[in-house]
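In what follows, a single structure is set out as structure tokens and then discussed.
Quick caveat, the model's predicted, so the values are computed rather than measured. Quick note: numbers below take in every heavy atom, side chains included, and nothing from hydrogens, waters or symmetry partners.
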Amino acid sequence: MLAEAGLLDGLRATTHWVAAGDSVRRFPDVRVEPDVLHVDNGQVLTSAGAAAGLDMCLHMIRRDFGSAVAADAARMSVMPREREGGQAQFIVHDHPPVPRGSTLEPALEWIEDRLAREITLGATASRSG
């Protein structure tokens with residue numbers, strides 16, 4: 001692993017979200033970014049998993065040969081040219097994150113408190129106004 005060799009010290013890096021917490025503890029000199037699909041430090045690139053590795057390959061093609069070549073490679077690979085978002089959309093949470101301070105927060109908390117029983121659309125609509 002690159003981090004064990006110290007090659008990532010002082011650099012940004014990513015890894016699969018399952019390993020991110022352990023990586024932060026084991027490699028304090030690496031700036032682990034668990035929410036991105038890949039990180040490009042020039043000569044050293046890291047990805048968050050197998051599919052993210054494909055995203056990183058397209059990024060490298062785009063960087064080295066341009067957007068048109070990367071678009072052709074994506075088409076030939078039957079994959080999007082660039083995926084939106086990061087790893088956060090794939091992380092399994094014990095409790096789904098609720099955007100604090102949002103207008104939906106009270107309704108979402110009400111629903112979460114009642115997950116063990118039936119929640120009807122009408123009751124949810126009445127509760128959320």
Side-chain angles (χ1 to χ4, degrees):
M1 176 178 215
L2 295 174
E4 290 172 347
L7 294 175
L8 294 174
D9 288 356
L11 297 178
R12 295 170 49 238
T14 194
T15 187
H16 192 281
W17 62 267
V18 169
D22 185 51
S23 295
V24 168
R25 285 186 296 282
R26 289 181 58 202
F27 309 108
D29 295 328
V30 178
R31 295 188 317 242
V32 177
E33 296 188 11
D35 56 338
V36 298
L37 297 174
H38 57 84
V39 171
D40 183 347
N41 287 298
Q43 289 292 94
V44 179
L45 293 88
T46 55
S47 71
L54 295 173
D55 293 316
M56 185 178 71
C57 288
L58 284 178
H59 164 78
M60 292 166 44
I61 293 169
R62 187 178 310 106
R63 182 188 69 185
D64 294 348
F65 299 102
S67 295
V69 175
D72 286 343
R75 271 192 296 283
M76 294 302 293
S77 302
V78 191
M79 61 183 290
R81 288 182 286 188
E82 192 167 0
R83 286 193 292 168
E84 296 293 322
Q87 291 190 71
Q89 60 191 320
F90 304 108
I91 297 172
V92 176
H93 297 277
D94 289 336
H95 299 286
V98 175
R100 300 293 170 208
S102 75
T103 57
L104 289 177
E105 182 178 1
L108 293 173
E109 287 177 351
W110 180 84
I111 291 168
E112 187 175 335
D113 291 342
R114 287 156 182 77
L115 289 176
R117 357 176 215 217
E118 182 180 2
I119 303 171
T120 66
L121 183 58
T124 304
S126 294
R127 177 65 184 178
S128 62

Can you name the closest pair of heavy atoms from [X] and [Y] and give their distance?
X: Arg117; Y: Asp113; result: NH2-O, 3.9 Å
X: Asp40; Y: His59; result: OD2-NE2, 2.7 Å
X: Met79; Y: Leu58; result: CE-CD1, 3.4 Å
X: Val39; Y: Arg12; result: CG1-O, 3.5 Å
X: Ala20; Y: Pro34; result: CB-CB, 3.4 Å
X: Ile61; Y: Ala73; result: CD1-CB, 3.9 Å

If we check side chain to side chain contact (heavy atoms under 4.5 Å, CB included) with Val30, which of these qualifies: Leu11, Val24, Leu8? Leu8
Other residues, nucleotides, ligands: >12 heavy atoms within 6.0 Å of Leu121 CG: no
Tell me, do [X] and [Y] make a side-chain contact under 4.5 Å, heavy atoms counted?
X: Val69; Y: Arg62; value: no
X: Trp110; Y: Ile119; value: yes
X: His38; Y: Leu54; value: no
X: Ile111; Y: Leu115; value: yes

Is there a donor-acceptor pair closer than 3.5 Å between any side-chain N or O of Ser47 and the backbone N or O of Met56? no
Please round to the nearest 0.5 Å and tell me the distance separating atom OG1 of Thr124 and atom CZ of Arg114. 9.5 Å
